[in-house]
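By convention in this document, chain letters (A, B, ...) are assigned in the order of the sequence lines, proteins followed by strands, and residues within each chain are numbered from 1.
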Amino acid sequence: MAEPLIVVDRITFAYPGAASPVFQNFSFQLGPEDHLGLIGPNGSGKTTLLHLIMGLLRPQAGRIIIFGNEVKTEKDFVPVRQQIGLLFQNADDQLFCPTVLEDVAFGPLNQGKSPAAAKEIALATLERLGLSGFEDRVTYKLSGGEKRLVSLATVLAMQPRVLLLDEPTSGLDEKTKHRLIHIIQELHIPFVIVSHEPDFLHHTVHNCCHLHLDHCEIKPVMLEEIYHEKDKVPNRGATSCCFGGPDRLVNG
Amino acid sequence: MSGIAEPFSEGSSLAHRLDPRGKIVVAALFATLIAVAQSLAAVLGGLTLAVLWLFLAWLPWRQVLGKLLAVNSFIFFLWLVLPFSYPGDPLFTVGPLTATKQGIWFSALITLKSNAIIIGLIALIATVPVVTLGQSLHSLKLPPKLCHLLLFTYRYLYVFEEEYQRLRTAMKMRGFRPRTNMHTYRAFAYLAAMLLVRSADRAERVFQAMLCRGFRGVFYSLRTFSWQRRDGVFLAGSLLALAAILLTEWRLPRLV
């Protein structure tokens, strides 16, 4: 297997004041070909893991290695954030510029692109996501689904090498969900998706990673099995399932 | 979303199409000049100039009058107090209170000044969307932190208003009706505290999202302004008019 892009090596992390740690001696890897679903019950640390990778949180012990370099300080994470895109759970946190165009161009401008180049990238990204004509819309006046897609555009405009999506489908209607599935299927970069929706994951990822305190259990399950299981146990939660094509390799 | 709409910012009148930077400079000079002016002639000149600008902006009259009414309702309270408390020659008495000539003059002057400044600001500043205002201030070399403060305040005002409405609805759905009692005070205190905590949390998350997109403390703007001939004409004309007002103020004897 090729060199992993993200390695989380035996980290321990607890929120200040929390009774028990979220992770203890926890390890995780993401390879260059991986399309990974991240599942686990509420509070199991899915978002925390993504924030640890982005350097928004720091582990109390253990190492995080990204693109072959160990990252520890704020300075180490600056280049990481230029190359890994994180889509936040709440689009209102992500969209802070008044207009859509400015928001999508914000990342490219931070990467040092000229205003003209940033504008061009922003417009191209919007077009790619089927959001042409949105550039002058005011971000807070968008609908929930539009906000989510624009948020994704703001992340993709930075042309990331890896994408982390934190519950991208929450609050979306079926139509927008399908749009999102199409967009994600067209991506040619490795990504991690946190989601509670089995249907969505089975259209978008190869393997699922079930989070535990100290490890990440990768379980590819054949599609037929999911549906079979689903028939037997209606309304089962996403927490106990994993999916992936039969021909996919197990991660790590 | 009613409380913080920008009713005058959209339009295609001459005042709307002018470069916002010119309008901001003129409005700032105008407001300062009128605020310190002491002569009736200068203030009346200012009022005339402001009304001229208002014609350039061609705004819906009813709404403009509505705004002016709101401002003048504050000034009304001034009229209740100032004529009777300002020292000077007595003019008439109401019970134990004596109104002075100077007091009345002073109240009238303040009324004219306030209206002139408000009309001027409605015509020049309210016709600029807040977003553009922030960017123009930035390109006028105002400290970036102040511009960001303006833009962020504006951007998240809606979010917080929404959050407030959501909390209020949730309270209402559980049968809460404000009364004058301890329960009501406590509930409102909780509401305020919750809003504060949520706002702080959101600020943290917004900052994190910005960090994730490569933010390092500097904002780069996409916007470029284009200064055109009409902007030059507007600026020159307005500055001349302001100079005339200044001259009037300087040459004519004080009234108060």
Answer yes or no: are there more than 12 heavy-atom neighbours, outside [X] itself, under 6.0 Å from its atom [atom1]?
X      : atom1 : answer
B:F207 : CZ    : no
B:F188 : CZ    : yes
A:K177 : NZ    : yes
A:E33  : CD    : no
A:K119 : NZ    : no
B:R17  : CZ    : yes
A:E120 : CD    : no
A:E127 : CD    : no

Is the backbone of A:D103 close enough, under 3.5 Å, to the side chain of B:R213 for a donor and an acceptor to pair up by distance?
yes

Drop me the distance from A:L109's CG to B:F215's CZ, to the nearest 0.5 angstrom.
12.0 Å

Atom pair CE (B:M210) and CZ (A:F96), whose distance is rounded to the nearest 0.5 Å:
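B:M210 CE to A:F96 CZ: 4.0 Å, rounded to 0.5 Å.
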
Looking at A:H51, A:R81, A:Q111, which has the largest count of heavy-atom pairs under 4.5 Å with chain B?
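Winner by heavy-atom pair count: A:R81.
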
Do you know which of A:V78, A:L87, A:L95, A:V80 has the most heavy-atom pairs under 4.5 Å to chain B?
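Heavy-atom pairs under 4.5 Å are most numerous for A:L95.
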
Structural part of A:S151 lying under 4.5 Å from a heavy atom of chain B:
neither

Heavy-atom contact with chain B under 4.5 Å, split by part of A:Q94:
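It is both, since atoms from each part get that close.
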
Under the criterion side chain to side chain contact (heavy atoms under 4.5 Å, CB included), I'd like the reasoning laid out for B:Q208 against A:D93: C-alpha separation, chi angles, the key distance, then a yes or no.
CA-CA 9 Å; B:Q208 290 183 338; A:D93 297 340; over 6 Å; no

Give the minimum heavy-atom separation between A:F88 and B:C212, together with the two atoms involved.
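It is CE1-SG, 4.1 Å.
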
Side chains of B:L211 and A:M54, heavy atoms from C-beta outward: is any pair under 4.5 Å?
no

Honestly, the part of B:F152 sitting under 4.5 Å from a heavy atom of chain A is side chain

